[in-house]
Amino acid sequence: MGEISVKKDISEMSLAFVGAGKMAQAMAKGFLAAGVVKADHITATAPSCRSQDTLEGIGCQFTHNNKEAVANSDIIFLSVKPHVLPGVLQEIAPVVTKRHLMVSVAAGVPLQFLEEKLPPKSRVIRVMPNTPCVVRQGASVYVPGSHVEKEDSEIIKSLLSSLGYCSESNEGMISAVTGLAGSGPAYAFTAIDALADGGVKMGLPRELSIKLAAQTLLGASKMVLETGKHPMQLKDDVCSPGGTTIYAIHKLESGGFRNLLIDAVEGACLRADAIAKKAK
């Protein structure tokens, strides 16, 4: 295989996920649902077989051999846990060549560290995606490394855009992106579960309550994205004077709802910063 070119159809490229956890599975399923990559062009690696059935079940290849997967692929997604990444980089470095585009989704691991552990002038891009990529409603940010070419960025943007919203940013913002978008689905799932519990408490069947809660958050999100209105303007539109909603909002404010979400983003961001410091 020659070096990657934008003239080459992305669907013909081969992808390797070094690490086959939830994020890798979400991205692989999303790429296949979008039709941007062929299933037999995706290889995933992991030391155990826990994810083998899932990945082979959607047509992907699975192996325990990291070096072999890297050597035979064009784009390499480094999707292992941050503390495992240094050992993986040392293992695969001997087979990384100029043809490979290395994409790290490891939270908190800076580009400088990645570039130092890989061969000189390796093309490295850092990405922070989130798990809704699996339903092509993800939110991703990517940061090109110092040796990345324009065509490389275009390839990654094209791939990530097939999974939802995608934007290029600078590395100084990645920890904040991690705290907001990377960890954000967990906040939303917790909110859906809590809203559903409220519905059940007030007499709704569990299944109906969960669907109403999830659809309500989905609808509210689409209104923000499609109307261009500020969230607080949309909130005010729902709050009739003396009505049920403003009473509910008062309860949320009394319980520190907004402060808790801000604290959650801050906590995840600070944790990402702490991981980054360990990697230096």
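Quick caveat, the model's predicted, so the values are computed rather than measured.
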Q: Spell out, as yes or no, whether a donor-acceptor pair under 3.5 Å connects the side chain of His230 to the backbone of Met232.
A: yes
Q.
Exactly one of Val148, Leu101, Val96 should register a side-chain contact (heavy atoms from CB on, under 4.5 Å) with Ser122. Which one does?
A. Val96
Q. Sub-3.5 Å donor-acceptor pair from the side chain of Asp152 to the main-chain atoms of Glu149, do we have one?
A. yes
Q | salt bridge (Lys or Arg N to Asp or Glu O under 4.0 Å) partners of Glu266, counting only residues at least two apart | A | none
**Q.** Trace of the side-chain contact (heavy atoms from CB on, under 4.5 Å) decision for Leu85 with Lys81
**A.** CA-CA 6 Å; Leu85 189 55; Lys81 298 295 184 184; over 6 Å; no
Q: Check the pair Glu171 / Arg126 against salt bridge (charged side-chain N to carboxylate O under 4.0 Å, His left out), numbers first and verdict last.
A: CA-CA 8 Å; Glu171 194 164 29; Arg126 190 175 168 194; 2.8 Å; yes
**Q.** Non-hydrogen atoms of Ser140 and Cys133 that approach each other most closely
**A.** OG-SG, 4.1 Å
Q: Identify the heavy atoms of Val80 and Gly19 that sit nearest to each other, and give their distance.
A: CG1-CA, 3.7 Å
Q: Determine whether Lys117 and Pro86 make a side-chain contact, defined as any pair of heavy atoms from C-beta on separated by less than 4.5 Å.
A: no
Q. Any sub-3.5 Å donor-acceptor pair from Ser162's side-chain atoms to Leu159's backbone N or O?
A. yes
Q: Would you check if Thr45 and Glu68 make a side-chain contact, meaning some heavy-atom pair closer than 4.5 Å?
A: no
Q) Are Ile249 and Phe257 connected, step by step, through hydrophobic side chains (Ile, Leu, Val, Met, Phe, Trp, Tyr) whose heavy atoms are closer than 4.5 Å? A) yes
Q | Heavy-atom check, side chain of His41 versus side chain of Asp74, under 4.5 Å | A | no
Q. Which atom names give the shortest non-hydrogen contact between Ser240 and Ile246, and what distance separates them?
A. O-CG2, 3.9 Å
Q | pair Asp197-Lys201: side-chain heavy atoms closer than 4.5 Å | A | no
**Q.** Closest heavy-atom pair and its distance - Leu261, Tyr187
**A.** CD2-CB, 4.5 Å
Q. So, Ser209 side chain and Ala196 main chain: donor-acceptor pair closer than 3.5 Å or not?
A. yes
Q.
If hydrophobic clusters are built by linking Ile, Leu, Val, Met, Phe, Trp and Tyr wherever their side-chain heavy atoms come under 4.5 Å apart, do Met102 and Val95 end up in the same one?
A. yes
Q.
Looking at every heavy atom in both Arg136 and Ala34, which two are closest together, and how far apart are they?
A. NE-CB, 3.4 Å
Q) Do Phe17 and Ile42 touch side chain to side chain, with heavy atoms closer than 4.5 Å? A) yes
Q | Val143 side chain reached by Ile174 side chain, heavy atoms, under 4.5 Å | A | yes
Q. Would you find more than 12 non-hydrogen atoms of other residues, nucleotides or ligands less than 6.0 Å from Lys22 atom NZ?
A. no
Q: Kindly work out whether a path of hydrophobic side-chain contacts (I/L/V/M/F/W/Y, heavy atoms less than 4.5 Å apart) joins Leu32 to Met23.
A: yes
Q.
Could you go through Val124 and Leu118, starting from their C-alpha distance and side-chain angles, then the distance that decides it, and tell me whether this counts as side-chain contact (heavy atoms from CB on, under 4.5 Å)?
A. CA-CA 9 Å; Val124 184; Leu118 291 169; 3.8 Å; yes
**Q.** All side-chain hydrogen bond (donor to acceptor under 3.5 Å, both in side chains) counterparts of Asp263, not counting sequence neighbours
**A.** none
Q: Check for a donor-acceptor pair, side chain of Ser73 on one end and backbone N or O of Ser14 on the other, with a separation under 3.5 Å.
A: no
Q.
Using a strict threshold of under 4.0 Å (side-chain N to carboxylate O), is an ion pair present between Glu115 and Lys121?
A. no
**Q.** Side chain to side chain, Leu163 and Val134, heavy atoms closer than 4.5 Å
**A.** no
**Q.** Thr216 side chain to Leu212 backbone, donor-acceptor under 3.5 Å
**A.** yes
Q: List the atom of Ala213, the atom of Leu195, and the distance in Å for their closest heavy-atom pair.
A: CB-CB, 3.8 Å
(Q) Please determine whether the number of non-hydrogen atoms from other residues, nucleotides or ligands lying under 6.0 Å from atom CD of Gln90 exceeds 12. (A) no
Q) Would Asp273 and Lys278 satisfy salt bridge (charged side-chain N to carboxylate O under 4.0 Å, His left out), going step by step from the backbone distance to the final call? A) CA-CA 9 Å; Asp273 284 338; Lys278 289 181 180 181; over 6 Å; no
**Q.** Cluster overlap Ile76 with Val84, hydrophobic side-chain contacts below 4.5 Å
**A.** yes
Q. Mind checking what makes ring pair (Phe, Tyr, Trp, His ring centres under 6.0 Å) contact with His250, not counting sequence neighbours?
A. none
Q: Give a yes or no on whether the backbone of Ala20 and the side-chain of Gln25 come within a donor-acceptor separation of less than 3.5 Å.
A: yes
(Q) Let's go through Val265 and Ser183 carefully: what are the C-alpha distance in whole Å and the side-chain angles of both, what is the deciding distance for side-chain contact (heavy atoms from CB on, under 4.5 Å) to 0.1 Å, and is it a yes or a no? (A) CA-CA 8 Å; Val265 174; Ser183 300; over 6 Å; no
**Q.** Heavy-atom check, side chain of Tyr142 versus side chain of Ser169, under 4.5 Å
**A.** no
Q) Where do Lys29 and Thr54 land on the side-chain contact (heavy atoms from CB on, under 4.5 Å) test, with the steps shown first? A) CA-CA 10 Å; Lys29 290 177 180 178; Thr54 298; 3.8 Å; yes
Q: Assess whether atom OH of Tyr165 is packed by more than 12 heavy atoms of other residues, nucleotides or ligands within 6.0 Å.
A: no
Q | Heavy-atom donor-acceptor pair, His64 side chain to Ala46 backbone, under 3.5 Å | A | yes
**Q.** Cluster check Val135, Phe189: I/L/V/M/F/W/Y, side chain < 4.5 angstrom
**A.** no
Q.
Between Lys157 and Glu168, does any side-chain N to carboxylate O distance fall below 4.0 Å?
A. no
